[in-house]
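Every heavy atom of this structure was used, including side-chain atoms; hydrogens, water molecules and symmetry mates were not.
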2 protein chains.
Amino acid sequence: MTENTPHDRGRQTPDPQRRSARAERAILDAASELIVEVGFARMTMEGIASRARVGKQTIYRWWPSKSAVVLDVFNHLTGEQTGEALPDTGDLAADLRTVLRATVDEFNDPTMDRIARAFTAEIQRDTELSQRISGLLVEPGSEVYKQRLRSAIDAGEVRADADLELAVELLTGPFLKRWLMRTAPLTHAYTDDLVDMVMRSLRP
Amino acid sequence: MTENTPHDRGRQTPDPQRRSARAERAILDAASELIVEVGFARMTMEGIASRARVGKQTIYRWWPSKSAVVLDVFNHLTGEQTGEALPDTGDLAADLRTVLRATVDEFNDPTMDRIARAFTAEIQRDTELSQRISGLLVEPGSEVYKQRLRSAIDAGEVRADADLELAVELLTGPFLKRWLMRTAPLTHAYTDDLVDMVMRSLRP
DNA sequence: TGCGAACGAGACGCGGCGTCTCGATGATGA
DNA sequence: TCATCATCGAGACGCCGCGTCTCGTTCGCA
C-alpha cells in the first residue's frame, strides 16, 4: 500500500470461510497495543506477528500492509458510531458546540491521537489510501454536518444560500489545522469560539 | 530526527570553514530532484549520495536525517519570501483573494506539493520537527495575516473585537483540510468563496 | 609547502521487509 | 466418521537501506 507494492499480482484470494477468528483478533489487538506503545513508524509487522503469536504469513494473507491492519483497528474502534446523525435540539449553535466538544475529547485520547496521526501521515504518501479514508470517514462525517445545517436552513437559523460544503470545512478545517500543527491545545473553549465565529457567517 | 536517533552522542562538530560548497549544493540538488521523482518515502540517503556523487558520511556529517536535508531544500526554495507583508490596497477581501490565489498556485506546483506533504507526514511522528516547522513557517505566516487584519480593523473593515488568531485559522484551515484530504482540487474560485464566507464573520 | 580535516567510495553489521517452506491443525464435504 | 486440504505458527531466506567505520585522496588554511 506504500505507493507501489508488488502485491496483488498472482494473488489468489484465500477462503474467508476458513479464516481463524482467533488469529484475526490477536493481530488486531497486538497492532492496537503496539501503535500506542511505540507509534506507527516504529511498529513492525514482525512485532505484531510475534506479539500476536502468529506467523507473518497469516498477516500478509489477509492484509496487504501495515496501514491496512491499522485501518482495520480503527474501523473496529469506531465502527458503530459512524453515520450517526447530529443532535437536533432546534438550536444549531448549541448542537455544534456539543458535537465539537465531543470531537475534542476524542482527539485528546492518546490511542485515537496516535492512530489518526498515523493515517494523516500515510495519506500524504498513499493516494489510494487517502481516497479510501476519504470515502469511508471524511465524507460521511461531513454529510452528517450538512444534514444538520439543512435542517437549520428550514428552521430559518441559517441563510438559504449558504454553501454548506464550505460551512462544514469552516467548522472542521481550523480544528484540523490546530491539531495537525500542534500550534495550540484543543479545548472546549476553542471550539465554542469557533462555532460563534462560523455562526456569524451563516446567519440570514 | 525520526523519533529517536542516537545521533548527537559524542558528536564533535565539524569545521564549517572547510565545508565543501560543491558537495552541499550537489546534495541539496539531488534531494530536490529525488523528492519529486520518487517522493519522500522512497527517497533514500544512499540514493541522494550516489546521485550527488558524494560519500554517505558527507551527508551524515552535516545533516542528522533525511527530513533535515529536505527541510534545508525547502528553506533554500522559499528562503527569500518568508515574512513578506500582505498587500494592503484598502480592500481587505480583495487582498485576501490575491494572497490565497497565490497560495493555491504554490500548492499546485508538484515540487512544493511533494515537499509540503513530506513535512506534513513527518510532523505527525516527530514532535520536535513539528515545533521547528511551526516556529519557522506556520507562525510567521499567520502573523503576516494578523498584521493585515489589524490594519483592516483600523480602517473599520473588520469589527474591533474579532479574534484574529481564529480568523487566520478560518482562512487557512479549510484550505489545508482540502489539500490534505484531497477531497477536492484547490482552485481560485474556492478560495474566493472562502474569503467571502470569512468576511461575513468579520465585518462590524 | 605541509598539516589535517573534510572528501568520495564502499565495506560492514543490523534489522525489517515480503516470500518461501515446513509440519501441525482443524473445518468441510463425501 | 474420516479424509482432505486450506490455513495455521514458526522461522529461514535474500534483499535493501540504515548509520558507522575505514580507507586513500583532495584541498583549504596557516
Check your understanding: Rounding to a whole Å, what distance do you find between A/E46:CD and D/dG14:C1'?
Key -> 13 Å

**Study point:** Closest to the B/P14 side chain, choosing from C/dA9, D/dC29, C/dA6
**Key:** C/dA6

Check your understanding: Once you round it to whole Å, what is the distance between P of C/dA6 and CD of B/E24?
Key -> 14 Å

**Study point:** Atom-pair distance (CD1 on B/I59; P on C/dG8), nearest Å
**Key:** 9 Å

Exercise for review: Return the nearest nucleotide to the side chain of A/Y60; candidates are C/dG18, C/dC7, D/dG9.
Suggested key: C/dG18

Review point. Which of these nucleotides, D/dC29, D/dA10, C/dC7, is closest to any side-chain atom of A/R53?
Key: D/dA10

Practice item. Answer yes when B/R19 and B/D15 have at least one side-chain N-carboxylate O distance shorter than 4.0 Å, and no when they do not. Key: no

Exercise for review: Output yes when B/R150 and B/E143 qualify as a salt bridge under the 4.0 Å nitrogen-oxygen rule, no when they do not.
Suggested key: yes

Check your understanding: D/dA6 phosphate, OP1 or OP2: any side-chain N/O from A/W62 under 4.0 angstrom?
Key -> no

Practice item. Let me know, please, whether B/K56 or B/R18 comes out on the 5' side of the other along DNA chain D by nearest nucleotide. Key: B/K56

Review point. For the side chain of A/D15, counting heavy atoms from C-beta on, which of D/dT20, D/dA6, C/dC17 is nearest?
Key: D/dA6

Revision key, fill the gap. Residue pair B/A21/A/K66 against DNA chain C: nearer the 5' end by closest nucleotide is B/A21

Review point. Are the aromatic ring centres of A/F175 and A/Y190 under 6.0 angstrom apart?
Key: no

Check your understanding: With a 4.0 Å cut-off, would you call B/R101 and B/D105 a salt bridge?
Key -> no

Point to revise | Basic-acidic side-chain contact under 4.0 Å: A/R117, A/D113 | key: yes

Check your understanding: Taking atom P of C/dG26 as reference, at what distance in whole Å does atom CD of A/Q17 sit?
Key -> 18 Å

**Study point:** Under-4.0 Å side-chain N/O to phosphate OP1/OP2 contact, B/T58 with C/dA6
**Key:** no

Check your understanding: Counting side-chain heavy atoms from C-beta on, which of D/dG17, D/dC8, C/dC17 comes nearest to B/T44?
Key -> D/dG17

Exercise for review: Give the rounded distance in Å between these two atoms: CD1 of B/I48 and C1' of D/dG19.
Suggested key: 14 Å

**Study point:** d(CZ, B/F40; P, D/dG17) in whole Å
**Key:** 15 Å

Check your understanding: Within less than 4.0 Å of OP1 or OP2 of D/dC27, is there a side-chain N or O belonging to B/R22?
Key -> no

Review point. In whole Å, what is the span from the CH2 atom of B/W63 to the P atom of C/dA6?
Key: 14 Å

Review point. Rounded to whole angstrom units, what separation is found between the CE atom of A/M45 and the C1' atom of C/dG16?
Key: 11 Å

**Study point:** Phosphate contact (D/dT7 OP1 or OP2) by A/R61 side-chain N/O below 4.0 Å
**Key:** no

Exercise for review: Look at the side chain of B/R19 and decide which nucleotide, out of C/dG8, C/dC7, C/dC20, has an atom nearest to it.
Suggested key: C/dC7

